[in-house]
Amino acid sequence: MKEKASLPGSRIRNDALLEGQEEERKRLAQELHDGVGQLLTGIRLQIELLQNAHFNEKEKSSYVLLKELVSETIETVRQVSFDLMPSVLTDFGLVPALRLLSEKSTKISGITVRFESGEWSQRLSSLIEINLYRMVQETINNSLKYAKAGRIDIVLTENAGKIVLRILDDGIGFNPDKLQEKKFVHSGLSNLKLRAESIGAALEIKSIKDKGTEISIRLNA
């Protein structure tokens with residue numbers, strides 16, 4: 001199923017909405033990293049100063065538990081900050097960001113998320129990089145939440161100025177003709193359409209029941 005472009009006025013509104021969302025994500029990610037993250041790191045350092053204290057068994061157990069909870073909280077804050085706006089995307093570009101996203105998704109979900117790309121030295125515009133990254137992020141989340149996938153493949157290629165991004169899963173699939181139904185509108189697939197339109201990309205969704213889903217995004221570099 002290929003998505004058609006929306007009217008110019010609607011596209012301008014959508015672009016402004018997406019831009020506002022990304023700015024807010026960036027602000028929140030920075031606050032989490034520089035504010036909450038640094039405070040928690042300071043707390044952990046103070047806790048570690050107590051490691052040679054003379055605790056009884058009950059106090060020692062509480063100390064170990066507190067240290068573990070703080071470490072887990074720090075890791076959670078880092079993950080939330082990464083999801084909001086990964087620094088690797090802004091610093092190094094789309095390919096390293098998608099590779100890291102795949103590794104983290106595999107680690108968290110236990111499902112194989114594999115990323116593949118050819119030789120890739122160029123940086124794309126920040127608008128394109130952010131939107132392609134978000135589309136992959138959205139698709140992975142959908143596959144894990146709805147598709148019951150056991151494997152997800154992300155393939156990024158560039159040839160003669162044409163960029164093709166494909167995300168495939170081996171999940172339960174669905175009927176693409178029913179994308180306008182409420183359950184699909186709120187599943188995140190509508191966000192893919194908006195983001196594709198914002199960067200002038202062609203979006204194609206193919207899905208076969210019990211066979212899986214393939215989402216393809218094509219655009220000019």
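In this structure a side-chain-to-backbone donor-acceptor pair under 3.5 Å is present from E129 to L124. With hydrogens and angles disregarded, a donor-acceptor distance shorter than 3.5 Å links the side chain of E59 to the backbone of N56. Between the side chain of S61 and the main chain of K58, no donor-acceptor pair closer than 3.5 Å is present. Judged purely by atom type and a 3.5 angstrom limit, S207 uses its side chain to pair as donor or acceptor with the backbone of F174. In this structure a side-chain-to-backbone donor-acceptor pair under 3.5 Å is missing from E68 to S71. Side-chain atoms of S105 do not come within 3.5 Å of backbone N or O of S102 as any donor-acceptor pair.
Shortest non-hydrogen contact noted between I217 and M135 is CG1-CE, 3.5 Å. The shortest non-hydrogen separation linking V95 to S117 is CG1-OG, 3.7 Å. Of all non-hydrogen atoms in R123 and T90, the two that sit nearest each other are NH2-O, 3.5 Å. Of all heavy-atom pairs between A196 and L203, the closest is CB-CB, 3.9 Å.
Side-chain contact between L100 and E103: present, with at least one pair of heavy atoms (C-beta onward) separated by less than 4.5 Å. The shortest distance between side-chain heavy atoms of I128 and L219 falls below 4.5 Å. The closest side-chain heavy-atom distance from N220 to K162 is below 4.5 Å. Side chains of L144 and I152 form a contact here, defined as non-hydrogen atoms less than 4.5 Å apart. Put simply, the side chain of I172 does not reach to within 4.5 Å of the side chain of K209, judged on heavy atoms. Counting heavy atoms from C-beta on, the side chains of Y133 and P86 come closer than 4.5 Å.
Under a cut-off of 6.0 angstrom, the local environment of CG in N159 is sparse, with at most 12 non-hydrogen atoms contributed by other residues, nucleotides or ligands. Heavy atoms from other residues, nucleotides or ligands lying under 6.0 Å from CZ of F92 number 12 at most.
Residues forming a side chain to side chain contact (heavy atoms under 4.5 Å, CB included) with T106 (at least two apart in sequence, or on another chain): V113. Under the rule for a salt bridge (charged side-chain N to carboxylate O under 4.0 Å, His left out), the partners of R114 that lie at least two apart in sequence or sit in another chain are E116, D153.
Taking CG from D169 and CD1 from I215, the interatomic distance works out to 8.0 Å, rounded to the nearest 0.5 Å. Rounding to the nearest 0.5 Å gives a distance of 12.0 Å between CG of L194 and CD1 of I199. Here the CZ atom belonging to R134 is positioned 11.5 Å from the CG atom belonging to N191, to the nearest 0.5 angstrom. Taking CG of L165 as the reference point, atom CG of L98 lies at 7.0 Å (rounded to 0.5 Å). Going from atom NZ of K67 over to atom CD1 of I43 covers 15.0 Å, rounded to the nearest 0.5 Å. We find the CG-CD distance between L192 and E138 to be 6.0 Å, quoted to the nearest 0.5 Å.
If you chain together ILVMFWY residues whose side-chain heavy atoms come under 4.5 Å of each other, L65 ends up grouped with L69.
Side-chain heavy atoms closer than 4.5 Å link hydrophobic residues (I, L, V, M, F, W, Y) into clusters, and following such links, even through other members, never connects I154 to I108. L132 and V88 fall within a single hydrophobic cluster, where Ile, Leu, Val, Met, Phe, Trp and Tyr are joined by side-chain heavy atoms under 4.5 Å apart, directly or via other members. Connection of V70 to V64 is established within a shared hydrophobic cluster, with ILVMFWY side chains joined at heavy-atom distances below 4.5 Å, either directly or through further cluster members. Cluster annotation: L39 and L66 are assigned to distinct hydrophobic clusters (Ile/Leu/Val/Met/Phe/Trp/Tyr, side-chain heavy-atom contacts under 4.5 Å, transitive). Placement of F115 and V155 in two distinct hydrophobic clusters is found when ILVMFWY residues are connected by side-chain heavy-atom separations under 4.5 Å, directly or transitively.
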**Request:** Let me see the working for K206 and E204 under side chain to side chain contact (heavy atoms under 4.5 Å, CB included), right down to the final yes or no.
**Result:** CA-CA 7 Å; K206 299 178 181 178; E204 186 173 8; 3.1 Å; yes

**Asked** Between V136 and L101, does a side chain to side chain contact (heavy atoms under 4.5 Å, CB included) hold up when you go through it step by step?
**Response** CA-CA 9 Å; V136 173; L101 175 63; 4.0 Å; yes

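Of the N and O atoms on the side chains of S216 and E214, at least one donor lies less than 3.5 Å from an acceptor on the other residue.
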